[in-house]
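The figures here come from the full heavy-atom set of this structure, side chains too, leaving out hydrogens, waters and symmetry mates. Keep in mind that this is a model prediction, so the values were computed, not measured.
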Amino acid sequence: MLIVLMLTVAITTVSNVSASVRWDTRDSVSVEYAKRIAAIKAKMAENPEAGAVYQTFQMRQMARAYSAWALALKNDGDYPGAAHVYDMALGEYNHLDSTLLADKIADDRFTLLMNQCELYLRRGMYESALDLLESTPPVNDRSRCLWLHHQAEAFTYLGEYEKALEVYRQLEGTTCYSAASLYANQGYLLSEMGRYDEALRFLRQSESATTDEAVRYLTLGNEALLLARIGKYDKAIAAIDRCLSWQRKQYGESHPDVVVTLRKRAEIMLLSGKKEAADAFRLFFEKESALLASRYDTLDPQARLDLWYTHKSFVSECFSLELDRDDFLYDVALFRRGMTFLRHEESPASLLSIHATDVRRSLPKDGAAIEMIVYECDSIPNYGAVVTAPQSESRFVRLFPVETFHNYSIGSGTLLDSVVSRNYLDKNGLYTDDHLAQMVWDPILNVLPSGTRQIWFAPDGIFHQLAIEYMPHPAMQGLQLHRVVNTADLRLSERPSAENCDVLIVGGIDYAHLPSATDSLHANHAAADYLITLDHRFRRGFHFPTLSHSRSEVDSLALLFSHPEVLYDANETYVKQRLPHVCQAIFSTHGYSFQVDMPRVPQAHRDSLMSDNTLYAAGLAMSGARKAFQSPQHEDGLLSAREMIDMPLDNLQLVVLSACQTAQGYSSDEGPAGVLRGLKKAGAKTVLATLWPVYDPASELFMLTLFKGLRMEGLELSEAFLRAQETVRRHEETLHDGIVVRPYEEPAYWAPFILVE
């Protein structure tokens, strides 16, 4: 089902808090701030002749209230909410009385804008931060320092290191920035640029300029890494050991600074070719995973997402060892995958007890498990796999560089072009290219034990959006392939029980009509607010075209169930309330997935906490999704993946998403942050999703065949799925001249469907 988002431009001005506040009124903090701001505005309205000093004072009080409100939301991890509060606050300045004290008001407005800029930087919206800075010149010398600091950070994250260096040079001599910090930041940038000798000089200047011992030893750790990169391994090891010794004495073995230094020591050992590198990475992984486990229990859901996004690349460094016949890397893969799909009420500590040996015990004699990974080796991103099977140790397989694979020629473009294309006909080459299939599968098949007949594999990176189980490799004929999110949780596809099973079917939705019931107490607009920050042209609305086949598909499917609950008027709040209480759910609607720019984090900021908001950028469209976000009494009609992970969906045995691109999202080194991840994190057992916009008649035929097999013939889910796929593939139609054709024989029609166990 094809989604086309029509973009139009509109400008909105917020001038009334009571009409604009969209947060749950059960949130006492937000309600308190809203009341405080409303009271200030009432005072200003009651005393219009009070004079400029009084009005300026009230205006400044209101700005502080907005700032405190945004800070509270930011501290709770609600970054879209905080951004919306800043928008409201800045909207108050649009029609100010010209008699107000201009310097005071300008200073407050600048502070709000810099707070908003800092939020952009935390959320990875670096271009937006630069645009804001360009349109907001500093109002005095004091504000110029903060303005330059934000500009340098934005340039650094964007990889524009020369520009960032120039900004730091402008900060030299200022009283708001220490010489040690300036030297260190310039050293980090020069290191990113490969100018190691210059970088080393600046880091040594930073080390000499600071009187803070903790900062001095952190700088020494980075200096040690630089020494290793220029081949001075003995000096590098001596420096990192000196740093580690001081930190252990001051902080103990489990302090975050100690864990960071253990990681740097492992990197140095690997660069120097020391055999001790494997032991160094094992020690780092032990301390890093324990540190994550200790932090998680006290964090809210968003803070957990942010913490893991910040640390997952550190854990992934272990794969650069490329150890063969060793279970360590499989254990790392299990932990990393488990963290990605960890439920809110679960702790990382539970993941530390799961090992490759446990996976092997779960496998049948003719089975094998594969954890696919994205990792860096010699600063080059690679695809790899870790394979395990009964009666054998885990095997590591290097596949190919990421760039080589993504740029593989398919038709007139590249593999990456074909994967992300919204034209379903562009997909055929991916599933008919014999050489591509061999490129992916040959290295893996070569290490599988003879007699392997069943494979469970957890994809990674682009493999989340590429159905490698459908590739035409002759050795795969007769193999049973199971796509899972984590091989630690192996299970065969099970047929959902028909007994006492409530079924929810959602479809035939009117995206322009607001739902019949209002949600004044539960209005959540975080998804729409986030998408608007990505592209302000969404302010007027989202264009979800009517799905002509959806109503007939839903009606046909409903006939196959005894007492299904069918929702044509899909109130988002009701769907969220009902979904935890059903065991099967079918969505025939638009899926949306936006590519969120999350570039490689520079060395200078690797240990800084980053925000993971990608789950807001994917979801399912509900009733009124075109315009519901404009109404404070309704939810925004966008059931985002971020909202899904807050729902307890352990009872949900099967979710069928007859929607386009529901398995997609931004692909990090652990997969897409999309609807699939949201549902699996929430506890859904098996998800049937789609990789690209589905041709409606083929989709309807697939769904009807699938559920006839499940409901009327008692087939297992995996069997019913394969038969539905084959039915679409072999479906015949007779043309007017009597010629019989198979209109859906090409992969474009039958290959978008994936079953994720």
Quick check for you: to the nearest 0.5 Å, what is the distance between [X] atom [atom1] and [Y] atom [atom2]?
X: Leu715; Y: Leu722; atom1: CG; atom2: CG; answer: 10.5 Å
X: Lys681; Y: Phe341; atom1: NZ; atom2: CZ; answer: 8.5 Å
X: Leu652; Y: Cys583; atom1: CG; atom2: SG; answer: 8.0 Å
X: Asp696; Y: Glu553; atom1: CG; atom2: CD; answer: 7.5 Å
X: Trp308; Y: Leu292; atom1: CH2; atom2: CG; answer: 6.5 Å
X: Asn382; Y: Thr404; atom1: CG; atom2: OG1; answer: 8.5 Å

Determine the minimum heavy-atom distance between [X] and [Y], stating which atoms define it.
X: Gly451; Y: Asp366; value: O-CB, 3.5 Å
X: Leu466; Y: Arg483; value: O-NH2, 3.1 Å
X: Leu620; Y: Tyr592; value: N-CE2, 3.6 Å
X: Ser392; Y: Ala389; value: OG-O, 3.0 Å
X: Asp358; Y: Ser353; value: OD2-O, 3.4 Å
X: Leu755; Y: Ser718; value: CD2-CA, 4.2 Å

Can a side-chain donor-acceptor contact be found between [Y] and [X] if the only test is distance below 3.5 angstrom?
X: Ser640; Y: Glu643; value: yes
X: Thr414; Y: Asp417; value: yes
X: Asp442; Y: His473; value: yes
X: His311; Y: Glu288; value: yes
X: Asp306; Y: Gln302; value: yes
X: Asp327; Y: Ser394; value: yes
X: Thr686; Y: Glu757; value: no

[Y] ring center within less than 6.0 Å of [X] ring center:
X: Trp750; Y: Tyr470; value: yes
X: Trp456; Y: His482; value: yes
X: Tyr383; Y: Phe463; value: yes
X: Tyr330; Y: Phe335; value: no

### Task
Can you label the angle between the Phe702 ring and the Phe721 ring as parallel, tilted or perpendicular, going by 30° and 60°?
perpendicular
### Task
Classify the ring geometry between Phe400 and Phe405 as parallel (under 30°), tilted (30 to 60°) or perpendicular (over 60°).
parallel
### Task
Take Val397 and Asp324, measure what side-chain contact (heavy atoms from CB on, under 4.5 Å) needs, and give me the verdict at the end.
CA-CA 8 Å; Val397 180; Asp324 189 22; over 6 Å; no
### Query
Would Phe328 and Leu321 count as a side-chain contact (heavy atoms from CB on, under 4.5 Å) if you check the C-alpha gap in whole Å, the side-chain angles of each, and the deciding distance to 0.1 Å?
CA-CA 10 Å; Phe328 172 60; Leu321 288 168; 4.0 Å; yes
Is [Y] close to [X] at the side-chain level, that is, under 4.5 Å between some pair of heavy atoms?
X: Ser418; Y: Lys427; answer: no
X: Ile370; Y: Ile444; answer: yes
X: Leu329; Y: Glu371; answer: no
X: Ile455; Y: Met476; answer: no
X: Ser320; Y: Glu376; answer: no
X: Thr487; Y: Phe457; answer: no
X: Gln725; Y: Arg729; answer: no
X: Arg395; Y: Thr388; answer: no

### Task
Show the numbers, then the answer: is there a side-chain contact (heavy atoms from CB on, under 4.5 Å) between His731 and Val728?
CA-CA 5 Å; His731 173 71; Val728 173; 5.7 Å; no
### Message
For Glu403, I'd like to know if atom CD has over 12 heavy atoms of other residues, nucleotides or ligands within 6.0 Å.
### Response
no
### Summary
Residues passing the ring-ring contact (aromatic ring centres under 6.0 Å, His included) test with Phe281, sequence neighbours excluded, are none
Strictly distance-based, threshold 3.5 Å: is any side-chain N or O of [X] a donor or acceptor partner for the main-chain N or O of [Y]?
X: Thr452; Y: Leu448; answer: no
X: Lys680; Y: Lys685; answer: yes
X: Asp433; Y: Leu436; answer: yes
X: Ser550; Y: Ser588; answer: yes
X: His464; Y: Pro459; answer: yes

### Row check, Phe314 ring normal vs Arg263 NZ/CZ: under 6.0 Å, within 45°
yes
#### Entry: From Tyr695, Tyr431, Trp692, residue fulfilling ring-ring contact (aromatic ring centres under 6.0 Å, His included) relative to Tyr749
Tyr695
### Task
Using the side-chain contact (heavy atoms from CB on, under 4.5 Å) rule, pick out the option among Val756, Val655, Leu706, Ile754 that qualifies with Leu688.
Leu706
## Note on the structure
Result for side-chain contact (heavy atoms from CB on, under 4.5 Å) between Arg337 and one of Val332, Val485, Asp460 points to Asp460
### Query
With a 4.0 Å cut-off, would you call Glu719 and Arg723 a salt bridge?
no
### Query
Looking at Asp650 and Arg343, does any basic side-chain N land under 4.0 Å from a carboxylate oxygen?
yes
### Message
As a quick check of understanding, evaluate salt bridge (Lys or Arg N to Asp or Glu O under 4.0 Å) for Arg282 and Asp326, giving each step before the final call.
### Response
CA-CA 12 Å; Arg282 290 175 197 271; Asp326 194 307; 2.8 Å; yes
### Query
Should Tyr375 and Glu317 be marked as a side-chain hydrogen bond (donor to acceptor under 3.5 Å, both in side chains) after you check the CA-CA gap, both sets of side-chain angles, and the distance that decides it?
CA-CA 7 Å; Tyr375 69 104; Glu317 285 188 27; over 6 Å; no
### Message
Under the criterion salt bridge (Lys or Arg N to Asp or Glu O under 4.0 Å), I'd like the reasoning laid out for Glu745 against Arg730: C-alpha separation, chi angles, the key distance, then a yes or no.
### Response
CA-CA 6 Å; Glu745 193 170 23; Arg730 296 184 177 278; over 6 Å; no
### Task
Check the pair Ile462 / Leu415 against side-chain contact (heavy atoms from CB on, under 4.5 Å), numbers first and verdict last.
CA-CA 10 Å; Ile462 202 171; Leu415 178 142; 3.6 Å; yes
